[in-house]
Amino acid sequence: QAQLVESGGGLVQPGGSLRLSCAASGNIFSISTMGWYRQAPGKQRELVAGITSGGSTNYADSVKGRFTISRDNAKKVYLQMSSLKPEDTAVYYCNARYYDDSYSMDESWGQGTQVTVSS
C-alpha cells in the first residue's frame with residue numbers, strides 16, 4: 001500500500017492564498033492520477049482538482065480560475081489556491097490511483113489537511 005502525506009493547510013483570510021502539497025511513497029510502480037478532494041462539515045466529499053500522468057487536468061466549477069493543480073517529476077502533487085473564499089473552508093484530502101508492484105490498480109488517501117478561510 002502507498003502512503004500519502006499532505007501539508008500546507010492553515011488559516012487564511014478571504015482573498016488570500018495557500019499551497020497544498022502531497023507526497024506519495026511506498027508500494028507504487030507508477031501513478032495514474034492524483035487529485036485533491038475536500039469535505040466540509042455536513043457536506044459530501046467533492047473533487048476539487050485532478051491531474052493525470054499525461055498532465056491533463058480538471059477542476060470543479062467552483063474553483064476554476066482560482067486553483068491550480070500541478071505535479072513534479074517525483075510522486076508529488078500540489079494545489080495552489082488563490083482568491084480564497086469562506087466557502088472553500090474544508091478538510092482537503094490528497095488522492096492517488098496507481099499501479100503497485102504486482103501491476104494492480106490501487107487507491108490511497110492522505111490523512112487530510114484543514115483549510116479555514118475566515119476573517
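Just so we're clear, the structure is a prediction, and the values are computed from it rather than from any experiment. Along the sequence shown, residues are numbered consecutively beginning with 1.
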Checklist entry - Run the side chain to side chain donor-acceptor pair (under 3.5 Å) check on Ser30 and Tyr98 step by step: do they pass? => result CA-CA 6 Å; Ser30 64; Tyr98 59 94; over 6 Å; no
Checklist entry - Given Arg66 and Lys85, is the side-chain contact (heavy atoms from CB on, under 4.5 Å) satisfied, shown in steps? => result CA-CA 10 Å; Arg66 300 188 297 118; Lys85 304 174 181 179; 3.8 Å; yes
Checklist entry - Does the pair Thr89 and Glu87 meet the rule for a side chain to side chain donor-acceptor pair (under 3.5 Å), with working shown? => result CA-CA 5 Å; Thr89 296; Glu87 50 263 45; over 6 Å; no
Item to check | Test log, rule side-chain contact (heavy atoms from CB on, under 4.5 Å), inputs Lys75 and Ser25 | outcome: CA-CA 7 Å; Lys75 299 179 180 65; Ser25 63; over 6 Å; no
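Side-chain atoms of Tyr37 and Glu46, non-hydrogen and from C-beta on, never get closer than 4.5 Å to each other. When side chains are defined from C-beta on, Tyr78 does not count as touching Gln80, because their heavy atoms never get closer than 4.5 Å. The shortest side-chain heavy-atom distance between Arg38 and Val63 falls under the 4.5 Å cut-off. Within the 4.5 Å cutoff, the side chain of Asp100 has no heavy atoms near those of the Gln1 side chain. The shortest distance between side-chain heavy atoms of Pro14 and Ser119 falls below 4.5 Å. Under the 4.5 Å side-chain criterion, counting only non-hydrogen atoms from C-beta, Met81 is in contact with Leu20. Residues Val48 and Tyr92 form a side-chain contact, since some pair of their non-hydrogen atoms from C-beta on lies under 4.5 Å apart.
The hydrophobic clustering, which links ILVMFWY residues whose side-chain heavy atoms are closer than 4.5 Å, places Val77 and Ile28 together. Under the 4.5 Å side-chain heavy-atom criterion for grouping Ile, Leu, Val, Met, Phe, Trp and Tyr, Tyr93 is not connected to Leu84 through any hydrophobic cluster.
Annotation: Phe29 is in aromatic contact with Tyr103 [ring centroid separation under 6.0 Å]. You'll find the ring centres of Trp36 and Phe67 outside the 6.0 Å limit.
For the atom pair Asp88 CG and Thr116 OG1, the distance stands at 11.0 Å (nearest 0.5 Å). Ser108 contributes atom OG, which lies 5.5 Å from atom CG of Leu4 (distance to the nearest 0.5 angstrom). Note: Leu18 CG to Ser82 OG = 9.0 Å, rounded to the nearest 0.5 Å. Between the SG atom of Cys94 and the CG atom of Leu79 there is a distance of 10.0 Å, given to the nearest 0.5 Å.
No donor-acceptor pair closer than 3.5 Å links the side chain of Glu6 to the backbone N or O of Cys22. In terms of modelled atom types and a separation under 3.5 Å, the side chain of Asn58 and the main chain of Ile51 share no donor-acceptor contact. A donor-acceptor distance shorter than 3.5 angstrom exists from the side chain of Thr113 to the backbone of Gly9, with no hydrogens or angles considered.
Using a 3.5 Å distance cut-off with no hydrogens or angles, the side chains of Glu107 and Asn95 do pair a donor with an acceptor.
Counting non-hydrogen atoms of other residues, nucleotides and ligands closer than 6.0 Å to OH of Tyr59 gives a total above 12.
Minimum heavy-atom separation, Ile31 to Thr33: CG2-O, 3.5 Å. Between Arg71 and Ser32, the shortest heavy-atom contact is NH1-O, 4.4 Å.
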